[in-house]
Amino acid sequence: MHQQVEGPTSTALAHLAGNVRRRRAELGLSQARLAEESGLSRRTIISIEAGEANIGLTAVDRLALALDTSFSALVSGPAAAPTAIGEVMWRGQDSSSTAMLLGVAPATSEAQLWAWVLGPGERYTAEPDPAGWHEMLFVTSGRLTVEFGDATIVIDEGRHAIYSSAQPYAYANLSDHAVAFTRVVVS
């Protein structure tokens, strides 16, 4: 699983709890069946529905697939427009390190727009996304290193990269200053 100091904010966790409960009930799934379908433990499903689980982003993706819905539908508030979600979904050890889901747009499944900041020396390690998923990164300040097993790309301020995220990868800030970038995930 990816590195995670803190997961979604309490607001996003509350939305996740209510949306998972509601969607599971709509589909007539038991917690045990949802656990089986998502590959998460029943204890984790219980904790998520109670708003107590500090789960990773990949686990939310797995829940969305199991519930036949989208990541954004699970973490959004009932009144949130898809283009204006604005929920912090990850926090790093450095207080300036955050990932905020800004909004989504339709795609085959959806496209997600994120604003990321990694503090000095911070790293985010991700699990591979499903086949066909891609990421588009645009660095707005600093220098971002993206690692793919033995390969590494460095994206300087004002530059971008597009790649398949259906592979292990990590974001790293190897500098003494924060790096800020926009991330678009397309599925």
Side-chain angles (χ1 to χ4, degrees), residues 1-16 48 53-64 70-72 74-77 80 82-105 107 109-130 132-187:
M1 190 148 206
H2 63 271
Q3 173 186 358
Q4 178 179 326
V5 175
E6 293 182 33
T9 61
S10 58
T11 303
L13 287 175
H15 297 321
L16 179 65
I48 289 167
N54 189 8
I55 67 169
L57 303 178
T58 303
V60 178
D61 280 329
R62 288 192 285 187
L63 279 171
S70 66
F71 179 100
S72 59
L74 290 182
V75 299
S76 300
T83 57
I85 295 171
E87 294 285 350
V88 173
M89 298 303 302
W90 176 83
R91 292 186 188 277
Q93 293 178 350
D94 185 284
S95 62
S96 65
S97 297
T98 61
M100 179 180 286
L101 178 58
L102 299 173
V104 298
S109 178
E110 71 180 18
Q112 302 170 357
L113 175 63
W114 296 77
W116 280 74
V117 177
L118 287 181
E122 192 74 49
R123 175 185 179 81
Y124 174 83
T125 303
E127 292 183 17
D129 288 322
W133 288 40
H134 292 80
E135 288 193 356
M136 299 179 284
L137 304 179
F138 179 78
V139 176
T140 55
S141 68
R143 172 181 277 179
L144 178 67
T145 300
V146 184
E147 302 166 348
F148 308 89
D150 294 333
T152 299
I153 59 172
V154 176
I155 311 167
D156 290 316
E157 182 173 328
R159 307 293 294 175
H160 75 279
I162 300 172
Y163 55 90
S164 168
S165 57
Q167 60 183 319
Y169 64 96
Y171 308 136
N173 179 359
L174 306 178
S175 75
D176 295 338
H177 306 290
V179 62
F181 59 100
T182 302
R183 172 184 181 233
V184 176
V185 179
V186 181
S187 62

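None of these values were measured; they are calculated from a predicted model. Starting from 1, each residue takes its place in the sequence as its number.
Nearest heavy-atom pair, Arg123 versus Ala172, reported as atom, atom and distance to 0.1 Å: NH1-CB, 4.2 Å. Closest non-hydrogen pair, Ala107 versus Val186, comes out as CB-CG1, 4.1 Å. Of all heavy-atom pairs between Val75 and Met89, the closest is CG1-CE, 3.4 Å. When all heavy atoms of Ser72 and Ile85 are compared, the pair lying nearest together is CB-CD1, 3.7 Å. Ala166 and Gly132 make their closest contact through CB-N, 4.5 Å (heavy atoms, listed as atom of the first residue, atom of the second, distance). Heavy-atom minimum distance, Leu144 versus Val179: N-CG2, 3.9 Å.
Rounding to the nearest 0.5 angstrom, the gap separating the NE2 atom in His134 from the OG atom in Ser187 is 11.0 Å. Expressed to the nearest 0.5 Å, how far OG1 of Thr145 lies from CG of Asn173 amounts to 7.5 Å. Atom CD1 of Ile48 and atom CG of Leu13 lie 9.0 Å apart (nearest 0.5 Å). The CG atom of Asp129 sits 4.5 Å away from atom OH of Tyr169, with the distance rounded to the nearest 0.5 Å. Rounded to the nearest 0.5 Å, atoms CZ (Arg143) and CG (Leu118) are 15.0 Å apart. In this structure, the separation between CH2 on Trp90 and CE on Met100 is 13.5 Å, given to the nearest 0.5 Å.
One N or O on the side chain of Glu122 and one on the backbone of Asp94 form a donor-acceptor pair closer than 3.5 Å. A distance-only check finds a donor-acceptor pair linking the side chain of Ser97 to the backbone of Gly119 [under 3.5 Å]. Judged purely by atom type and a 3.5 angstrom limit, Thr152 has no side-chain atom pairing as donor or acceptor with the backbone of Glu147. Using a distance-only test at 3.5 Å, with no hydrogens or angles considered, a donor-acceptor pair links the side chain of Glu157 to the main chain of Gly142.
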Determine, stepwise, if the pair Trp116 / Leu137 fulfils side-chain contact (heavy atoms from CB on, under 4.5 Å).
CA-CA 10 Å; Trp116 280 74; Leu137 304 179; over 6 Å; no
Where do Val185 and Phe71 land on the side-chain contact (heavy atoms from CB on, under 4.5 Å) test, with the steps shown first?
CA-CA 11 Å; Val185 179; Phe71 179 100; over 6 Å; no
Could you go step by step and tell me if Phe181 and Val146 meet the side-chain contact (heavy atoms from CB on, under 4.5 Å) rule?
CA-CA 12 Å; Phe181 59 100; Val146 184; over 6 Å; no
Quick one: do Val154 and Leu174 satisfy side-chain contact (heavy atoms from CB on, under 4.5 Å)? Show the steps, please.
CA-CA 10 Å; Val154 176; Leu174 306 178; over 6 Å; no
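With contacts defined as side-chain heavy-atom distances shorter than 4.5 Å, the pair Val60/Ile55 qualifies. Ile153 has its side chain within reach of Phe148: a pair of non-hydrogen atoms, C-beta onward, lies under 4.5 Å apart. Using a 4.5 Å heavy-atom cutoff, the side chains of Arg183 and Glu135 are in contact.
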